[in-house]
Amino acid sequence: MVRHAGLFLFFFTLVCFLSLFRPLHAAAYMDDHKAQLLSETQQLLFNNRFDSADSLQRDFARIYPDDPGCYLIQAAIEMAKMAFFEDNLYPDYAKLLDTLRMKAQMVSDSGSASTKSWMHLFVGHSKAYGSIRESRFGSLYSAIRLGLAAKSEYEAGLALDSSIYDHYMGIGTYHYWKSAKAGMLRWIGLFKNDRALGIKELYIAADSAQIFKESARSGLIWIWINKEKYDSAIAVAEEMQKAYPDGTSFLWPMAQAYFAKRDYVNTARIYRLIRDKIDDTPGNYFNLIECDYFISKCLVILERKDEAIAAARDFAVYQKQIPNSTYNRQKSHISFLRKLVLE
């Protein structure tokens, strides 16, 4: 989660509209009740209140049965849980995404241009979810392929209805990170440098999107870190954390930004806050190890060796419960903590 929280956060606040039992036209696409459900879903996911989000999704499905939004919310919740636990929790996740695409296509076939645009957004999210899952737990090639497909869906949706600014969330994210990660391919001209364009598009979403204003701001946090504008990243992350105090999504990039600017006191402080929030639900222990490593690492750098050893002993409490899959991914951090424990 810690390295891709920002990407994970892009897909956590999602749209759910349009009952299949009503006429499909642009004026009826979003009503006040659905907007309220969307807002509540966003707040619950940002605050890591997954059980409450599950309950809200069931309410939506009861009121608007067989709506593609039901599957979109479910996919968002499951992706949020996989991000929180840094674990591939749902073996049938790809089937859920296929169902979402099928339901969206059914609505799109008989819908207006605006409806079709929203359904492109739904399908774009389904492919983006798949891309993130593949990047963390599967094939890099599949992740790239699905990412390109998601971008095409967002562009197609925007072409159908340019007033649906939520598409800029996906397009802007793609443009920036495609350019930022292209490296030599950008230098020799195979990829355009669209980083400035991506930031501009995310600002459009942050200003004018119906649903994804907060997500766009969240995405900008990770861009500021990538651009080494650490104070800007921290300022936005602190503001978002105040709005969603029960969550950890904005604490992860805050901690990374502090570490990157070599503020080790605040880095350790933020990782302790995260640790306190996840200690009761450690899952596969990946994120708990991440916290204990950075807390101890910062204390070593600050020449507070006794405190570093004491922090590393927190790791010793659960080290025998770490599954092999986590051990293999966190091998270097585990080695560091074990050495400290033995001192």
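We count residues from 1, following the sequence as given.
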* Tell me whether L97 is reachable from W118 by hopping between hydrophobic residues (I, L, V, M, F, W, Y) whose side-chain heavy atoms are closer than 4.5 Å. =>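 W118 and L97: one cluster.
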
* Asked: Quick one: do W222 and I274 end up in the same hydrophobic cluster if we chain Ile, Leu, Val, Met, Phe, Trp and Tyr together by side-chain heavy atoms under 4.5 Å apart?
  ->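 They do share one cluster, since a chain of ILVMFWY contacts under 4.5 Å joins W222 to I274.
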
[X] to [Y] - nearest heavy-atom pair and separation:
{"X": "F122", "Y": "L100", "value": "O-CD2, 4.1 Å"}
{"X": "D246", "Y": "N48", "value": "O-ND2, 4.2 Å"}
{"X": "G69", "Y": "F60", "value": "C-CE2, 4.0 Å"}
{"X": "H167", "Y": "S117", "value": "NE2-OG, 3.0 Å"}
{"X": "A257", "Y": "A233", "value": "CB-CB, 4.3 Å"}

* In plain terms, say whether E238 and K242 are close enough for a salt bridge, that is, a side-chain N and a carboxylate O under 4.0 Å apart. =>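 Result for this pair is no, no salt bridge flagged.
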
* Output yes when E239 and R217 qualify as a salt bridge under the 4.0 Å nitrogen-oxygen rule, no when they do not. =>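 R217 and E239: salt-bridged.
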
* State whether the side chain of S218 and the backbone N or O of E214 hold a donor-acceptor pair below 3.5 Å, judged by distance alone. =>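 Not at all, since once roles are kept as given, no pair shorter than 3.5 Å links the two residues.
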
* To do: Keeping the roles fixed (side chain from Q241, backbone from G247), state whether a donor-acceptor pair exists under 3.5 Å.
  =>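 Yes, because the side chain of Q241 sits within donor-acceptor range (under 3.5 Å) of the backbone of G247.
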
Below 30° counts as parallel, above 60° as perpendicular, anything between as tilted: where do the rings of [X] and [Y] land?
{"X": "W252", "Y": "Y271", "value": "perpendicular"}
{"X": "F315", "Y": "Y318", "value": "perpendicular"}
{"X": "F50", "Y": "F84", "value": "perpendicular"}

* **Check: E290 and Y293 side chains under 4.5 Å, non-hydrogen atoms** =>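 The answer is no, as the side chains (C-beta and beyond) never meet within the 4.5 Å cut-off.
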
